[in-house]
Every structure is written in structure tokens, then in C-alpha cells.
Amino acid sequence: MTESPEQDHDPGDVAVIGMSLRAPGAPTKEQFWDNLVHGRESVSFLAKDDIHVDETLIHSPFYVRACGVLDTYDKFDPSVFGISDRMAVAMTPENRLFLESAWETLEDGSYDPDRIRGEVGIYGANNPQTAALYSSPPDRVSVGPEAIEASLAWSPDTMTSNALYYMGLTGEAVTVAAVCAGFHYAVHLACQSLLLGQTDMAIAGGAMVRLPHPRGHLWEENRVLSKDGHCRPFDANGTGTALSSGVVTVLLKPLAQAVADRDHVYAVVKGSAVNNNGVSAVAYGLAQPERLSACIANAMEVGGVTPDTVSMYEANGLGLPMTDELEVHAANMAFGKQTGTTSIGGVKGNVGHGGVVSGGFGAMKAVMALYHRKLPATINLTEVNQDLDLPSTPFVPQLETADWEPESGIRRAGITSLGGGGYNAHLVLEEPPTAAGRAPEADGRPRLATLSALDDEALARQRARLKDWLEADPGLRLDDVCFSLNMGRKVMARRWAAVVRSRAELIAALSADSPAGMAVETATAPRVAVDSFPRNDNGIVRSGTDAQALSDLAAAWVGGQQVDFAALHAGEASHRVPLPAYPFRPRRFWRTDW
């Protein structure tokens, strides 16, 4: 990473520079955002034969056959991480999902784990019950080292350390136990570590797989689970929420350093706060308004944010009138008297309650709203609960998707997450800073674009996905794309490279029917005199400045040589940009016994 610049930004600001999500109905963050802005509900209503629970439970008149299904809950691609099939079976579904998501988050930030020299902290929350329901390991003392190894793959405690290990990173590894507030707690701890200088970058997130999967729930009067499977935040007819599963991770770095490193910034964490109700006048496990209010106010105070500048409030929003009323009352106390108007919404109407990752769904919604400058509608809200007394608060329910035009002139969002047992957590996010102006990209300069994968099939999928991505986003600069590909992806055995002078040429080279000679691949790479290249400790470098020298370098790299891409891009002002992540080839892995 580059040297830290003079502090032009608040020293307490932390940038979100990479993200990954898998949610019901959304295998990617882009699909998740599309579902939100189009008001789609991703809770599924299941046939009896699809549910793997006790027969007597399914036939109960109070059993609700609804849940947020995660299609990839039992699938994994161990080959990318050098993990054996035997170990992949031993790993819990949450361990596997979190590992793949952490990988995607690094790639989304355009960082290759093999070329990261600093400390990367990983902070994650999972559900301790999942490991026990998946399959408990044998007694590790009596059966030897193999069972110990398998138990470490199985343990919820080692989810974050496994991610460090299998991605080849070093740093802190903290697995968080804070029930449904787990994602927020992970982000809070990650930000503290970054601001204390204990880590250079951090991955924070949560993973939740409800087992058995898929499954519904048993409805009980005045409990948090919905009577009909639909979650209706702030609605007078709400009866609670549905259960769901998923994984969300974010890549974090101090904002000043992220700007200096030319990272892509989605949003900024201005402040975070956590607390617990402790002894409360309210029933154990429900929000205690005074304590939740203190948590929200503390997060704003930490970030130097005044309530009238927070124009989006993403609520915990269980869709049960009693809990919604407690939360709105608490938030109103924290915001106090103010002149601003704040949109209030709840993502559980779209995807249900994801347990430890539920706060991640809300945070992802807020980050994408800030990034796209748009406020998604809260679905299933048809009759606003009058007991919320919203007219006497700064909150206005977001009934339709709309452009985000804040009265204060800056976009900020507050996201609340609550956990049973009195856990309160709140994040305050801000829109990304305006990028510094850059000169237009020089026309006609030859540039090298590279891709690699474990096999030819994955390489072909990468080419197709990148081509579609470039065609969908005409604003992407060629220099940024090449910089991100060359510097931000792990180098694998099967390789592809092209020397191009424009986006159009790159798109043509990526096409399945690209003209001969536009690109080189591992199987057909021309021979070059490797000894003729200058070389340093990080590999070979190109021998000249013309297109032919770059083509020779491409052929040498495709042929298996190590290239110093940092030297290739030295002196450039290219920025890291999000591009398609590695195309995992998931297979089913499931343990029923040891």
C-alpha cells in the first residue's frame, strides 16, 4: 500500500472498498439491489415435501411453510482454496460460505491475497447452533489428529481463522457471538482495529445457514415469527417475520488510505456503536428504548454526525407492531427535535430475518442506496401502524422507490441491528467522497489485460462475464479495468491475455469468436525468449514501451512466467474498480456422520 497522505479526510472515517453478498433470491449484490429497487419479495413458500423437519410439526395448523431459501447453502468450490473434498465435507456450511464470500470481497476490492503485504483482520459472526445441527464431531482427544483437523473445520470459532489460513493472509481473526446483531458487532470491531492501526485492511461480515434447510416456522401469538410468512415492517397488520439465510462480507480500510491507494469506495463508515440492555424494564430480548436510543446517538456522536443530516434510517424492523413501536420510539429519542426528514425502511420485508447476517442485509441495502443515490421502497407496507405516531417523528415510511435528494445536501444512513439477549448495534454510513478529477484516458495507448483460472472452462466463463460487465457499464475506463485485472486477481494455471487499445478491442478479444491473434491463451501461447526480459525480485518486466514489447510480455506470462505487474503500472493514476469475481464451480458437500 502507498504511504498515507496528509489527512484530507476525517481520521475516524473508514471506507467500504469491497463487498460480497448471497441472499435469498440474490446470488450477488447486484441482483440483491435489483430486487430491492423493483420491490421483489424473496421469501419462498414451500411444498411439504421440500421441508426436512418432524412430520408432526409440518402438519400443525400453526406451521408456516415460508422461509428465505439460500440456493447454495450446501455447495462449495474447494479447489480454489486447495481444500480436499474430505475437508470440504467436514466444514460447516457457514465456514464454506464465509470463505467464498471473503474471497469475493477481496476481488471486488481488486486485491490479490498473494500480493497483500499488510495485516488483514477478519471479523465474522455465525450461528453456533448450525455446527451442532450439521453434525457434531467425535471426541477429538481420543481419536487423534485427523479428528482434530476435521473439528477445526467444523468449529464455529475457527470460521475467521480458516478464512485467513486458506486465503494465505495474516492478521487478527475474531469470530463474534452477538446473536442477530453479529454483523454489526463484526464491523464495529473491525473499524476499531483499523483506527488503532492494528490491521491495514479488514474483512467483516456474517454467515447464517438455518438447519434443516429449507424449513418453515411454528407461529405463536405475539412472537416475532409471522403468521402468514410475510414480513410487514411498520404495518398495522404485521405479525412478525420469516426466517432466512445468507452471507454478507465487506472490505474495510481507513478512508484516507483508501483514497491514497486509489481504491473504489462504495460508502464510508462514519460511526458505530454497540451496547446491551442489561437489566431492563422491558421483557428480556426485546429492545429497551433508552438503551437502544443511547446506542444510536452514540454512533452519530462518534462520527460527528448531526441527526438532521441522516436522511435514511434502515430499521431492524421485525414487522411485529410491538417491536416496531419500541424501535421507532427509541430512534425518535436519539434523533430528537430536528428539521430534517428521514426515510424509514426495513429490508426484512424483502428477504426475511437472516439471524446474524440480518444486519448485513440492512447494511448492504444502505451502502447500495448511498452508492446509487436511490431509496428503495419498503414492501408489504400497505397500512402504516398509527400507533407508531410517525407524524410526530422525523421518520417518513418509504412507500415507493425514489431518487435520494437529501435536504442537508449530503447522503447519510443509520442502520440498526438488534439481537436477542439485549444486544443493540448501530452503524452510520455516508456516501462516498467525490472522486478527484482525472484527465481523459489517452486514446490508442496499448494496454495489457489478463485473466486466469484453474481450468479452461472457468477461464471461458470469466471471459464471458467480463465481456457482459463491460458492455453493461460503458463508463468504465480501460486503464482502470486493466489495472484491476492485473493487480487484483490471484494468478492461476490457465491464463489468457490480450493487448488492446480501447474498450471495444477488449470486448472483441473477450468474445468467444474473437479474431485470431487478438489474445493469447495457455494452450496456444507463442514461444518467446524469456531470457531477453529484464527481471527483478517480483518477476520479469517488459523490455520496451511499444505494443510488441507488451505482446511479448503477455506471451511470457501466459506461458507461465511471473510478471511484475506493479512495475508495469508504475507511475499510472489508474483506480481499482469492481469487476466480476472468480466463477466458482460449486459442488454439493454434506455430512451426515463422522
Side-chain angles (χ1 to χ4, degrees), residues 14-24 26-29 32 70 72-73 76 91-109 111 113 120-128 130 156-167 169 171-194 199 201-209 244-253 266-267 269 272 274 314 347 351 354-368 415 417 419 423 425 427 429 578 581:
V14 173
V16 180
I17 63 172
M19 302 190 297
S20 168
L21 170 143
R22 297 184 198 176
T28 66
K29 64 183 186 299
F32 179 72
L70 189 66
T72 58
Y73 80 98
F76 183 51
M91 297 172 74
T92 65
E94 287 173 349
N95 265 279
R96 298 190 295 246
L97 282 171
F98 188 85
L99 177 55
E100 286 188 342
S101 184
W103 173 285
E104 290 175 343
T105 293
L106 272 182
E107 285 203 330
D108 192 56
Y111 280 96
V120 180
I122 300 188
Y123 311 80
N126 60 24
N127 178 21
T130 302
D157 293 352
T158 56
M159 182 182 77
T160 52
S161 60
N162 286 340
L164 274 179
Y165 177 78
Y166 287 119
M167 290 197 296
L169 301 170
E172 295 181 348
V174 181
T175 303
V176 179
V179 284
C180 300
F183 176 89
H184 275 45
Y185 269 68
V187 172
H188 177 71
L189 293 173
C191 289
Q192 286 185 331
S193 182
L194 288 167
T199 55
M201 287 196 293
I203 296 171
M208 180 78 187
V209 178
S244 65
S245 301
V247 59
V248 177
T249 54
V250 293
L251 181 62
L252 305 171
K253 184 191 285 188
Y266 286 102
V269 182
S272 65
V274 300
E314 175 63 21
V347 76
V351 294
V356 300
V357 79
S358 59
F361 292 153
M364 183 66 76
K365 173 186 173 181
V367 169
M368 298 294 271
I415 308 97
S417 185
Y423 289 89
L427 301 174
L429 304 181

Sidechain-backbone polar pair: T249 side chain, G205 backbone, donor-acceptor under 3.5 Å: no
Backbone of C180 reached by a side-chain donor or acceptor of S417 within 3.5 Å: yes
Between OG on residue S272 and CG on residue L189, distance to nearest 0.5 Å: 8.5 Å
Interatomic spacing from CZ in F32 to NZ in K365 - rounded to 0.5 Å: 8.0 Å
Heavy-atom side-chain proximity of Y111 to V120 below 4.5 angstrom: no
Donor-acceptor pair between Y266 and D108 side chains, under 3.5 angstrom: yes
Considering all heavy atoms, the nearest A363-F183 contact: CB-CE2, 3.6 Å
Donor-acceptor contact below 3.5 Å, side chain E94 vs main chain P156: no
Spacing of OG belonging to S245 relative to CZ belonging to R22, to within rounding of 0.5 Å: 13.0 Å
Beyond-backbone contact of V209 with N127, side-chain heavy atoms, under 4.5 angstrom: no
Closest non-hydrogen atom pair, F76 against L99: CZ-CD2, 4.0 Å
Nearest heavy-atom neighbours spanning I415 and G359: CG2-O, 4.4 Å
Residue pair L252 / V16, side-chain heavy-atom distance below 4.5 Å: yes
Minimum heavy-atom distance L70-P24, with the two atoms named: CD1-N, 4.4 Å
Expected output: side-chain S161 to main-chain A173 donor-acceptor under 3.5 Å: no
Straight-line distance of M19 CE to M364 CE, nearest 0.5 Å: 4.5 Å
Under 3.5 Å donor-acceptor, E314 side chain and V347 backbone: yes
From CG (L164) to CG (L169), nearest 0.5 Å: 6.0 Å
T160 and its side-chain hydrogen bond (donor to acceptor under 3.5 Å, both in side chains) partner, picked from N95, N126, T175: T175
From L106 atom CG to M201 atom CE, the distance as rounded to the nearest 0.5 Å: 6.0 Å
Heavy-atom pair with the smallest gap, counting every atom of A181 and Y423: CB-CB, 3.9 Å
Taking every non-hydrogen atom, the tightest pair across M167 and P113: O-CB, 3.3 Å
Contact check, side chains of L429 and V269, non-hydrogen atoms, under 4.5 Å: yes
Donor-acceptor contact present, side-chain R96 to main-chain M91, <3.5 Å: yes
